[in-house]
Amino acid sequence: MHYRYHKMADKIINGYHITENEALSLLNAETPEDIFTYMSAANRIRSFYKKTIVELCAIINAKSGNCSENCSFCNQSAHHNTDVVQYEMISSDKIVNQFEQLKTQNATSIGIVTSGKGLINPKDIETVCTAFEKLRDCSPVCRCASFGILPKKILLKLKKAGLHKYHHNLETAESFFHNICTTHTYQERADTIKTAKSIGLKVCSGALFGLGESPKQRVELAFALRDLNVDKVPLNFLNPIKGTPAENNKPLSPLEIFKIISLFRFVLPDKDIGVCGGREINLRGLQPLIYIAGANAVMVGNYLTTSGRNTAEDLQDIKDLGLAPLELADYSFLLSKN
Ligand code: SF4
């Protein structure tokens, strides 16, 4: 019966678009044997579209904490009582220095991230634009930003300064969103993604799992991202942080996480699917299996407010599996095509 996963993978490799009901039925995999077969079918789709290449991305936390929003999982929200480090926007020189440092860790896509609903302070916008202008002249790396909900005018200004890709997660399914945030709407998030796409920016948009969403809502989210035609999908898995409303959420099991990664590979077969926050705590020694489950990208280095894994271990996993990190020269080529 588990050959159905490979039959569906064959259809997808031949250009078929899976339906929501078919995707939901894939998530019925329950026994380890079924889940391994499901992952191996997702691996075939990854291998067909992405060959042996893994993209490494990294982030810079340029403005931390004191956020007006109440996202239930986030220790940067001013609504929650956490011990997160808070600071205002760092200088453009500091951003450039950290950017160059992350390049030495094989990251070919580097994002500047700020806390808050949206980066609208003119001084802050000038700082990040100055950083992008400096980086534009010296770095062949994909320049990414995650500045929250933004209007077209500011996105255009960022693009002009040298931004390639905008990161903005949907966070969770529309039907579940009110459970994780009430200070802004799912629609505001989706609109920012549509605007970024409309002006020609690449878009990286994904979600966080383990918030209490159902399998059906995971499928709903995957199809929403397919409809938005995002270029890259970062998958995060809850690392419950003390002082946040999600601090007592039950962690997802590694097999549950692999089912989610494989789901996204089946629904978005030719997109970049990355695994980011929460992999160390939730997957432990099974982290290399993210690639077998269908991922072709990984975030390296530290996360916004928590420590990440040693990049050398990620590079070793990639090499041991017969895969290879995307090289800067390849990235320059990809960027020049866009
Ligand atoms: S996820 Fe972003 S918008 Fe939500 S509380 Fe954290 S920093 Fe603010």
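Read the numbers this way: they start at 1 and go in the same order the structure lists the ligands and their atoms. Residue numbers start at 1 and run along the sequence shown.
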Can you tell me if, anywhere in C67, an N/O/S atom lies at a distance from atom 6 (Fe) of ligand 1 that is smaller than 2.8 Å?
no
With heavy-atom distances below 4.0 Å as the criterion, list the atoms of ligand 1 near S77.
5 (S)
Would you say atom 4 (Fe) of ligand 1 has C181 as a near neighbour, meaning an N/O/S atom of that residue under 2.8 Å away?
no
Taking side chain as C-beta onward, heavy atoms only, is I273 less than 4.5 Å from L268?
yes
Looking only at protein heavy atoms, which one is nearest to atom 6 (Fe) of ligand 1, and how far off is it?
C74 SG, 2.4 Å
Considering only non-hydrogen protein atoms, determine which one is nearest to atom 4 (Fe) of ligand 1 and report residue, atom name and distance to 0.1 Å.
C71 SG, 2.3 Å
Nearest-option assignment for atom 2 (Fe) of ligand 1, heavy atoms, candidates S72, G116, G148:
G116
For the residue pair Y186 and F177, does the interplanar ring angle fall in the parallel (under 30°), tilted (30 to 60°) or perpendicular (over 60°) class?
perpendicular
Is the Y166 ring parallel, tilted or perpendicular to the F147 ring (thresholds 30°, 60°)?
perpendicular
Can you tell me if N249 uses its side chain to pair, donor with acceptor, with the backbone of P240 under 3.5 Å?
no
Between R265 and N43, do the side chains contain a donor N or O and an acceptor N or O under 3.5 Å apart?
no
